Number of protein chains: 2
Amino acid sequence: MSLRHAVLGLLSESPASGYDLMKLFNASLTSVWPATQSQVYGELNKLTTAGLVEVAAHGPRGRKEYAITDDGLAELRHWLTEVAPTGPQRHDGLLRVFFLGILTPLEAQSYLLTQAETAARAHTAYEQIDRTAEWDDEMISVYGRIALEYGLRMSTTMEEWARWAADEVTSAKARKAGELARAQRGRERPEQDEQPAGERHSGD
Amino acid sequence: MSLRHAVLGLLSESPASGYDLMKLFNASLTSVWPATQSQVYGELNKLTTAGLVEVAAHGPRGRKEYAITDDGLAELRHWLTEVAPTGPQRHDGLLRVFFLGILTPLEAQSYLLTQAETAARAHTAYEQIDRTAEWDDEMISVYGRIALEYGLRMSTTMEEWARWAADEVTSAKARKAGELARAQRGRERPEQDEQPAGERHSGD
DNA sequence: CTTATCATGTAATCCGTTACATGATTGC
DNA sequence: GCAATCATGTAACGGATTACATGATAAG
């Protein structure tokens with residue numbers, strides 16, 4: 001139910017039209033709560049019916065400027081203080097990690113290093129925003145800066161983790177090669193030292 | 001479209017029934033790709049129609065044991081190697097941060113410190129898993145360990161960030177109080193005692 | 001024989017995505 | 001006049017959530 005609260009939150013800063021809100025979503029909330037135009041207009045109508053926002057002014061081209069109501073502000077406060085956040089839920093990049101075992105170690109490493117680069121690029125983008133934005137001492141921007149810092153720290157951790165993980169794959173490969181060598185020495189029917197591409201791991 | 005790939009991924013490790021898969025989802029994939037029972041059973045039927053999995057055996061109580069097909073494995077490999085991950089998209093905990101300005105600084109701090117505690121508890125839970133799980137040297141568990149490390153590192157970063165953020169709120173409050181005092185005195189008198197614990201790292 | 005577990009499914013509803021449709025006003 | 005921008009909406013589709021429905025079998 002958080003699209004509703006994202007809209008209420010933006011309107012708590014200043015009145016805006018659906019069109020304005022879309023710009024705000026794309027400018028500042030893309031990475032935490034993306035929304036499409038359909039969604040925003042639909043939600044504004046629902047919020048109006050529920051009495052949490054109201055049309056404060058009509059402008060040219062059928063523009064409707066929405067403002068948050070007292071009920072809306074109460075709902076926003078309630079959400080901020082009483083409703084427990086759930087945290088990020090789905091992460092398809094990490095989901096893939098669980099299944100990297102079906103790839104060759106080299107392919108798996110390549111995947112992890114790509115992840116590292118993606119994180120590094122994200123970090124650079126956040127730094128860019130940090131430099132570009134004017135961080136005046138207003139309360140509003142204190143929290144904007146805090147959210148940005150989250151992005152900066154998370155992308156750093158992500159990159160470090162991915163590089164470490166790629167390295168772990170190397171170590172594991174080495175360990176496995178060692179085991180194979182030992183097994184070869186111990187038995188009479190040695191196998192090839194490289195596994196082609198179709199090796200299954202059903203022997204557990 | 002990643003539910004499909006989560007199911008394929010689990011079936012690539014061993015054949016399983018829908019019931020088994022649900023246990024696996026709840027045991028190991030809850031935090032990266034949660035799925036409900038309806039979804040899993042529905043997806044298995046779709047996957048069977050698409051020829052990516054097949055019913056390998058029938059058991060008691062109408063149990064259907066599914067196995068991944070060659071086409072399914074090819075699809076899984078394709079997804080792992082060719083399809084770019086999108087990363088986590090929605091984060092309602094961070095979304096709230098953007099709107100903490102409508103709360104009092106104390107309420108905002110309380111929110112951030114609760115986030116820190118949640119992260120700390122998550123970290124402890126991951127450590128518990130780390131200690132409990134048997135990390136044999138199989139390839140499968142290499143990647144399980146890597147995914148767990150992600151959780152460990154991210155929860156640490158999250159906790160540190162939240163504590164830092166709570167601190168920032170204090171500094172901002174202090175700055176604002178300072179401004180008010182200066183405005184009251186009505187004269188210019190620059191002071192240098194502020195900024196208690198605010199170590200910056202993106203040196204500007 | 002009764003309960004817990006195993007096992008599969010359907011229906012309703014909501015949320016999110018993509019695409020389509022339409023029109024008013026401003027600036028050149 | 002024409003293009004860019006401003007501005008709002010609807011329709012179709014698929015994914016996710018919740019609730020409901022049903023029954024078989026193993027264990028006590």
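On a predicted model such as this, the values are computed, not experimentally measured, just so you know. Lettering of chains follows the sequences in order, A, B, ..., and the numbering in each one begins at 1.
The CZ-C1' distance, from A:Arg90 to C:dC15, rounds to 11 Å in whole Å. Spacing between atom CE of A:Met22 and atom P of C:dT17 amounts to 11 Å, rounded to whole angstrom units. Atom CZ of A:Arg4 is separated from atom P of C:dG16 by 12 Å (rounded to the nearest Å).
For the segment residues 45-60 of chain A, residues with any heavy atom less than 4.0 angstrom from an atom of DNA chain C are, sorted by number, A:Lys46, A:Pro60. The stretch residues 25-39 of chain B comes close to DNA chain C through B:Gln37, B:Ser38, each having a heavy atom under 4.0 Å from the strand.
By the side chain to side chain contact (heavy atoms under 4.5 Å, CB included) test, B:Gln39 is found to be paired with B:Leu3, B:Ala35, B:Thr36, residues two or more places apart in sequence or in another chain being considered. By the salt bridge (charged side-chain N to carboxylate O under 4.0 Å, His left out) test, B:Glu160 is found to be paired with no residue, residues two or more places apart in sequence or in another chain being considered. Here B:Tyr19 pairs with B:Ser17, B:Lys23, B:Tyr41 under the side chain to side chain contact (heavy atoms under 4.5 Å, CB included) rule; sequence neighbours left out. Shown here are the side chain to side chain contact (heavy atoms under 4.5 Å, CB included) partners of B:Thr48, two or more places apart in sequence or in another chain: B:Val53, B:Tyr66. Scored by the salt bridge (charged side-chain N to carboxylate O under 4.0 Å, His left out) test, A:Glu75 finds no partners at all (sequence neighbours excluded). For the side chain to side chain contact (heavy atoms under 4.5 Å, CB included) test, residues two or more places apart in sequence or in another chain that qualify with B:Thr157 are A:Arg153, A:Met154, A:Thr157.
For residues 162-171 of chain A, every residue pair satisfying the salt bridge (Lys or Arg N to Asp or Glu O under 4.0 Å) rule, not counting sequence neighbours, is listed here: A:Glu159-A:Arg163. Residue pairs meeting the salt bridge (Lys or Arg N to Asp or Glu O under 4.0 Å) criterion with at least one member in residues 100-129 of chain B, sequence neighbours excluded: A:Arg77-B:Glu107.
With hydrogens and angles ignored, the 3.5 Å screen pairs no side-chain donor or acceptor of A:Asp71 with any backbone N or O of A:Leu52. With hydrogens and angles ignored, the 3.5 Å screen pairs no side-chain donor or acceptor of A:Asp130 with any backbone N or O of A:Tyr126.
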Nucleotide N/O of nucleotides 3-5 of chain C paired with protein N/O under 3.5 Å:
none

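Close approach of DNA chain D to chain A, defined as any atom under 4.0 Å from a non-hydrogen atom of the protein, starts and stops at D:dT5 to D:dT17.
Within the 4.5 Å cutoff, the side chain of B:Leu80 has no heavy atoms near those of the A:Tyr111 side chain.
Taking 4.0 Å as the cut-off between side-chain N and carboxylate O, A:Asp20 and A:Arg63 count as a salt-bridged pair.
Mapping B:Lys23 and B:Lys64 onto DNA chain C via the closest heavy atom, the residue that lands nearer the 5' end is B:Lys23. The 5' end of DNA chain C is approached more closely, in terms of each residue's nearest nucleotide, by B:Glu65 than by the other of B:Glu65 and B:Gln89.
Residues B:His91 and A:Tyr150 bring their aromatic ring centres within 6.0 Å.
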